[in-house]
Structure formats: structure tokens, C-alpha cells
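Here the structure is laid out as C-alpha cells; the discussion comes afterwards.
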Amino acid sequence: MKFSAAFTTSVLSACMLVSAVPMQTSNAGATKMMTKATRLDAQGAVYFITNEPGENMIIAATINADGTLNPDRAVATGGRGLHGSVATPGPDGLFSQGGIEASVKGKVLAAVNPGSNTISLFSIDPKTPTNLTPLGDPVSSEGEFPMSLTFNSAGDRLCVLNGGAVAAVNCYKVDKKLGLTAIPNTLRYLALKQTTPPAGPPNTASHIVFNHDESELIVSVKGAPPASVGYLATWAVAPGDGSLSATSTHIAPPPGGALPFSLTPVPGQNAFLATDPALGFAVFDLSGQNRSAAVAVAGQGATCWSSYSAHTGSYYLSDIGTATITEVRVDGNLQASVVKQYPQTAGSGTIDSDVVTVKGKDFLYVLAANATSVDVLALTSAGNAKRISTLDFSGPARAAGVPLDRNNVQGMTHFIKQ
Ligand SMILES: *[C@@H]1O[C@H](CO)[C@@H](O)[C@H](O)[C@H]1NC(C)=O
Ligand SMILES: *[C@@H]1O[C@H](CO)[C@@H](O)[C@H](O)[C@H]1NC(C)=O
């Protein structure tokens with residue numbers, strides 16, 4: 001068969017027209033409703049992932065005016081989940097914090113697909129924040145086992161941490177039409193010597209964050225005591241194009257620390273509170289003033305996740321081993337102390353958390369993975385956190401035909417109407 005030049009040209013230009021439009025070809029965005037009627041008075045939403053090996057889905061629950069939650073829907077990411085390799089399988093399959101992250105400013109939500117080595121991006125409908133629309137197809141994470149994400153404060157840049165056999169960070173521009181586009185010179189490898197999926201929790205990557213002025217990108221890596229104590233790796237971020245320095249600087253934990261896990265910024269300082277399941281937590285002072293210190297939490301099992309409330313000025317640390325929330329204060333000189341402890345339901349497997357300000361009041365949302373629940377704690381004042389409700393999402397998920405497993409669910413992030 002022979003085509004005329006004109007015919008070939010018209011076919012080619014038709015193809016080019018098609019490919020110039022960002023197409024969405026995965027099943028990302030396929031939605032299963034978990035409620036009959038989405039609440040129109042929603043103040044915002046919380047989100048976490050199922051991380052199921054067959055299909056990863058985002059569970060979105062509306063935040064009511066009183067801080068309580070309504071399960072609303074499950075939205076396919078268009079990728080697959082994967083659980084890390086462990087002797088006894090349990091919750092926290094990613095060994096990480098930040099597997100799903102939202103930017104309130106950017107009105108976008110991103111989730112990792114560790115079984116597909118991709119990242120999915122969605123725009124959040126600010127009127128109905130459980131309504132998620134895919135922005136392009138999932139993109140390559142440029143490594144294996146993506147496990148943690150961070151947005152810059154403007155919500156127009158995203159970086160990922162891969163923690164598998166190909167362990168690396170990579171950053172993207174967040175484009176409201178094209179989705180995620182990789183930023184040149186941001187693919188930087190970590191010498192983790194891991195497998196895919198990684199074997200852990202020791203010797204695995206944990207969390208990725210920007211520092212206070214976004215001049216550095218930081219990841220936490222757990223050690224394998226007694227052989228090693230883990231570290232923070234930091235790359236300089238170029239102010240204009242967002243590219244990363246060719247090499248990273250490693251910062252050792254303060255004496256006693258060994259397994260740096262979550263990194264929650266200390267407001268107004270170049271410093272982080274890092275949970276450390278070896279003993280409790282540590283404060284990392286990155287300002288060069290040598291005020292870092294590790295702090296033991298008496299009776300702790302595995303303190304791994306943390307979030308901060310501007311209203312109470314406290315940090316809230318989740319311990320999966322004892323199902324306890326520990327409230328911590330860090331003063332202006334970076335001296336830290338335990339304020340109070342709040343035991344949750346025994347065996348509920350408390351993991352990722354997030355703090356949301358709803359109508360001027362702060363609430364702590366804790367994924368109690370082993371109980372397929374989200375605990376809601378009202379943070380009335382420092383030293384005064386009180387559980388006001390628990391949402392068990394297993395029933396609504398089953399009714400909606402959404403497969404999930406308490407060992408796989410992970411992450412906690414939010415959007416709130418401004
Ligand atoms: C930092 O402080 C520790 C004690 O808290 C001290 O042992 C160490 O020498 C100090 N390092 C520097 C560089 O000042
Ligand atoms: C999860 O629940 C099972 C029993 O239902 C229990 O054996 C296990 O220890 C729990 N895991 C955690 C981390 O609490």
C-alpha cells in the first residue's frame with residue numbers, strides 16, 4: 001500500500017495535535033463513592049492511601065465543622081501499592097512519613113505508587129475537597145519504591161524520595177495543565193544498598209522535606225544499630241531553577257539517636273523534630289549552633305510519626321508499638337520536653353498523623369492502621385488533647401467494594417477551605 005505525501009502529512013499532523021493535548025490514559029481518578037451524599041458543608045478533607053498491590057487508591061473523608069470525619073470516596077491513583085519486606089508483616093508498609101501530601105495553597109494532592117515506581121497528581125476541588133481530578137498520567141519517580149513526597153510552600157514544586165534498590169530523590173514542576181514535569185539536575189542517588197521492596201524498618205529511607213527557607217532538600221535515613229546510626233542527607237537547592245547540588249552532606253544523629261524517621265520543622269528555626277524509634281525523638285539543629293539533642297521517651301515502643309499544632313505550640317508523636325500519642329514542646333532555644341502522653345486504643349497501630357485548623361480550632365487526625373480507623377483528637381490547649389471521635393473506614397470501604405488491608409493503609413494529609 002502506498003499513501004500520498006499529503007495523506008501522510010495530514011495523518012502526522014493529526015497525531016501531533018492529539019499528542020499536544022495532555023492525555024490521561026491510566027484509570028487514575030476512577031472513583032468509588034463511600035457515601036450516598038457528599039456533604040456540601042465540608043470544611044475540608046483528609047486523605048490517605050490504601051497502598052494495595054492490585055490498585056492503589058486514595059481514601060478521602062470530609063472534615064465536618066466540628067472536626068469529625070465522614071468517609072466520602074475512594075479514588076484510584078492509576079498505580080499499584082507495595083509493602084516493604086519485613087519479618088512479621090504489619091502496618092507501616094512504606095517505613096515512611098509523607099506517602100501522600102497535599103498543598104492547600106496549590107490545591108493539589110500527590111501520592112506515591114511504590115509498586116509502579118510512579119507518582120500521581122490530582123487537583124483538589126476547593127468547593128468539594130474530596131473531589132479529585134487527575135492532572136496528567138502518573139509519572140516515573142525515577143527510582144524504585146517511592147515512599148515519601150514534599151511540596152514547596154507555593155505548591156508549584158514536588159520532590160520524591162525513592163527507597164528501594166534504586167534509591168534516589170527527584171523533583172518536579174507542578175503544572176496545572178501538564179501535571180508533573182521533571183526538573184533537570186534533581187535526580188540524586190542515595191547509597192542505601194537496599195532491595196525492592198526494601199527490607200526494614202532498619203536501614204531504610206524515611207521522609208523528605210524542605211528546610212525553613214527552601215534552600216535545602218533533606219531526607220532522613222534510619223541506621224541499622226549497632227552497626228550504623230542513620231543520618232540526614234541534605235542537598236542545596238538552587239534558588240532559580242530548583243536544581244540540586246551534585247553531592248549531599250550527611251548529618252549524624254545527636255548521641256543516642258539511631259533511626260531518624262519523620263522530620264517536622266521547628267517554626268521560625270532551621271531545625272527539625274525527628275522521631276527516632278530507637279529512643280523517642282531528636283531535635284536536629286541545622287543552624288550551626290550545635291543545639292541538637294536526642295530525647296528518650298520513657299516506655300516508648302516505636303515512635304515514628306509526628307506533626308505540629310500552631311494553636312498549642314506542641315508536636316504530636318505517634319508510637320505504633322504502644323498506640324500512644326506523645327505531646328512534646330520545643331522551646332526557642334531548642335530545648336525539648338515531653339508535655340503529656342495520650343494512650344489510644346491498645347493494638348490500634350497508630351501511624352501517620354496531621355494537624356488541621358477547622359474554624360479556628362486545631363484537630364489531630366491519626367491513622368490507626370491496625371484498627372482501620374482514623375482517630376480525631378481535639379487540641380484545645382497545650383497538655384489538653386482529647387479524642388472526640390474515631391472513624392472506622394473498613395465498613396464503608398467494604399460496602400463500596402474498595403479493597404484495603406490494615407497492613408497496607410498509609411499516610412495522612414489534608415486540604416482545608418481558606
Ligand atoms: C557540641 O556540643 C556537644 C555537647 O552538647 C559537645 O560535646 C561538642 O563538642 C560540641 N561541638 C561543637 C562543634 O561545638
Ligand atoms: C494488630 O492487631 C493484631 C490482632 O488483631 C495484633 O496481634 C497485633 O499485635 C496488632 N499490631 C499492632 C502494631 O498493634
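All ligand and atom numbering here is 1-based and tracks the order in the structure. Everything numeric in this text was worked out from a predicted model, so none of it was measured.
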Return a yes/no value: protein heavy atom under 4.0 Å from atom 14 (O) of ligand 2? yes

Counting from 1, what ligand 2 atoms have a heavy atom of Gly347 closer than 4.0 Å? 1 (C), 10 (C), 12 (C), 14 (O)

Backbone or side chain, does any N or O of Ile320 fall under 3.5 Å from an N or O of ligand 2? no

Side chains of Asn170 and Thr186, donor plus acceptor under 3.5 Å: yes

Atom NZ of Lys386 with >12 non-hydrogen neighbours under 6.0 angstrom: no

Just verifying a value: how many Å separate Gln43 CD and Ile416 CD1, rounded to the nearest 0.5 Å? 6.0 Å

Can you confirm, on distance only, whether ligand 2 has an N/O atom lying under 3.5 Å from any N/O atom belonging to Asn370? yes

Does Gly90 reach ligand 2, in the sense of a heavy atom lying below 4.0 Å from it? no

Given side chains that start at C-beta, do those of Leu94 and Ile49 come closer than 4.5 Å, heavy atoms only? yes

Does atom 5 (O) of ligand 2 have any protein heavy atom closer than 4.0 Å? yes

May I have the step-by-step check of side chain to side chain contact (heavy atoms under 4.5 Å, CB included) for Leu161 and His207, ending in yes or no? CA-CA 7 Å; Leu161 169 60; His207 197 189; 5.7 Å; no

